Amino acid sequence: MTLQELDRAYVLPTYARNYVHFVRGENSMLYDAEGNDYVDFGSGIAVCSVGHGNPRLAAAICDQAKKLIHTSNLYLIEPQALLARRLAELTGMDVQTFFANSGAEANEGAIKIARRYGTDDEGNVKRYKIITLEHSFHGRTITALKATGQEAMHTYFGPFPDGFVYAKNIAHVYDLIDDHTVAVMIELVQGEGGVQPMEKEEVQQLAAELKRRDILLIVDEVQTGIYRTGEVLASNLYEIVPDIVTLAKGLGGGVPIGAIMTTHKNILKAGDHGSTFGGNFLSTRAALEVLDILEERKNSGELDHMLLLFEERLKSYVTKYPHLFEKEVGIGLMRGLRVKEGRDAADIIKAAFKQRLVVLKAGKNTVRFLPVLTLTKEEMELGFERFETALGTL
Ligand SMILES: *Cc1c(COP(=O)(O)O)cnc(C)c1O
């Protein structure tokens with residue numbers, strides 16, 4: 001059996017896979033089984049924040065694996081405590097953190113915290129409603145899926161938990177607030193929804209109004225977090241302090257980890273929530289190394305330099321290929337080219353792949369760029385050279 005046949009026969013087909021077989025990588029470069037090189041402007045959907053095959057991350061993982069990978073949360077875990085402190089210090093937030101294993105799971109935990117906030121100590125539910133946005137994406141578990149404001153994703157899996165309502169946009173959130181509202185959950189840049197940034201002033205006003213009304217603000221930073229937008233959190237860039245921030249994708253550099261940071265310390269007690277794997281030695285040690293690497297890159301000015309160059313190039317394509325692109329969207333190294341009406345982003349992505357450049361699709365007909373945060377100028381040039389060759393074939 002070929003690998004493709006094996007995959008088709010034995011793996012549940014939940015993904016529209018491209019059957020390329022990557023076998024190794026080096027920062028932004030991927031290599032397939034035939035030895036072809038690809039420039040990766042997708043970084044495993046914003047996960048490989050420190051690039052592929054990063055020697056520092058690999059060394060930290062190997063070192064930790066030889067000592068302890070897992071003991072369970074029944075005992076002290078030094079890198080978990082260090083990571084929780086590091087996240088508080090880097091983000092400037094006065095928070096405690098719970099560690100999970102994925103974005104959906106982090107959002108589930110955030111929703112549980114909000115529900116706990118709306119319930120009194122005797123277990124009487126006072127407030128439970130959570131407002132989320134249309135075109136949002138919060139994950140694939142039943143509750144995170146219900147929180148996701150895309151009706152098309154709710155077709156088969158009901159009945160869903162109650163208490164989620166969807167606002168068309170931030171201005172519409174106010175109309176949906178009632179006596180039962182306990183939280184509002186948003187992404188500051190909608191990733192899957194088309195790389196759509198929220199307006200800073202609108203977000204700041206919302207944050208202030210929610211605080212005034214004692215309604216929690218949950219910011220899903222699963223994709224925007226960990227320097228993706230240029231700051232450690234998009235919340236830092238927007239200059240807001242949410243009640244709850246969720247993280248996952250870029251935090252472990254590819255090692256599965258999720259996190260829920262909350263300013264409401266001690267809101268959950270022993271037994272209220274938990275995870276067997278969450279925050280184990282391996283994932284938290286990996287995340288500590290990822291943060292070291294990225295903080296250095298931020299402090300050296302390289303990250304800011306590269307994201308400006310990247311943005312400039314994408315903007316130039318809107319001018320240069322007006323028949324293909326309508327506008328450039330996004331923040332930092334989370335960017336997109338919105339494709340002209342009548343054109344299909346999928347065709348552009350296919351053409352790019354033929355030139356051995358990996359780019360992604362996002363809702364609203366957008367070609368999405370999520371390069372590794374350790375991207376070099378040479379890699380960027382090579383990637384865009386291939387992109388222009390691809391555009392020339394369309
Ligand atoms: C990817 C993503 C999720 C889901 O994360 P998983 O790790 O796939 O569960 C949730 N929210 C946002 C904003 C995401 O981009």
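Index from 1, following the sequence. Please read all numbers here as calculations on a predicted model, not as lab measurements. We count ligands from 1, going down the list as the structure has it; atoms in each ligand are counted the same way.
- Side-chain contact check for Arg338 and Gln196: at least one donor-acceptor pair (N or O, by modelled atom type) lies under 3.5 Å.
- Remark: ligand 1 atoms within the under-4.0 Å shell around heavy atoms of Gln223 are 15 (O).
- Across Val222, Thr141, Thr148, heavy-atom proximity to atom 3 (C) of ligand 1 is greatest for Val222.
- Side-chain atoms of Asn27 and Thr376 include no donor-acceptor pair closer than 3.5 Å.
- Scanning all protein heavy atoms for the shortest distance to atom 11 (N) of ligand 1 gives Asp220 OD2, 2.8 Å.
- By the criterion of a heavy-atom distance under 4.0 Å, the side chain of Asn107, and not its backbone, is placed next to ligand 1.
- Salt bridge Asp63/Lys67: present, at least one basic N to carboxylate O contact under 4.0 Å.
- At a 4.0 Å heavy-atom cut-off, ligand 1 does not touch Glu221 at all.
- The pair Arg127-Asp179 fails the salt-bridge criterion, with no side-chain N (NZ, NE, NH1 or NH2) lying under 4.0 Å from an Asp/Glu carboxylate O.
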- Task: I would like to know whether Phe41 and Phe387 meet ring pair (Phe, Tyr, Trp, His ring centres under 6.0 Å); could you show each step before the answer?
- Result: CA-CA 10 Å; Phe41 279 175; Phe387 191 55; 8.2 Å; no
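- Separation of atoms CZ (Arg386) and CD (Glu381) is listed at 13.0 Å; rounding is to 0.5 Å.
- Less than 4.0 angstrom separates some heavy atom of Ala104 from each of these atoms of ligand 1: 4 (C), 5 (O), 6 (P), 9 (O).
- Each of the atoms 7 (O), 9 (O) of ligand 1 lies under 4.0 Å from some heavy atom of Ser102.
- Here the heavy atom of the protein found nearest to atom 1 (C) of ligand 1 is Lys249 NZ, 1.4 Å.
- A donor-acceptor contact closer than 3.5 angstrom is absent between the side chains of Asp40 and Ser28.
- With hydrogens left out, the protein atom closest to atom 6 (P) of ligand 1 is Gly103 N, 3.5 Å, a heavy atom.
- Only the side chain of Glu187 comes within 4.0 Å of ligand 1, judged by heavy-atom distances.
- In Ala248, neither the side chain nor the backbone holds a heavy atom less than 4.0 Å from any atom of ligand 1.
- By the definition of a contact as any protein heavy atom under 4.0 Å away, atom 8 (O) of ligand 1 is not in contact.
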- For Phe98 and His273, what are the C-alpha separation, side-chain angles and deciding distance, and is it a ring pair (Phe, Tyr, Trp, His ring centres under 6.0 Å)? CA-CA 9 Å; Phe98 176 91; His273 196 46; 4.6 Å; yes
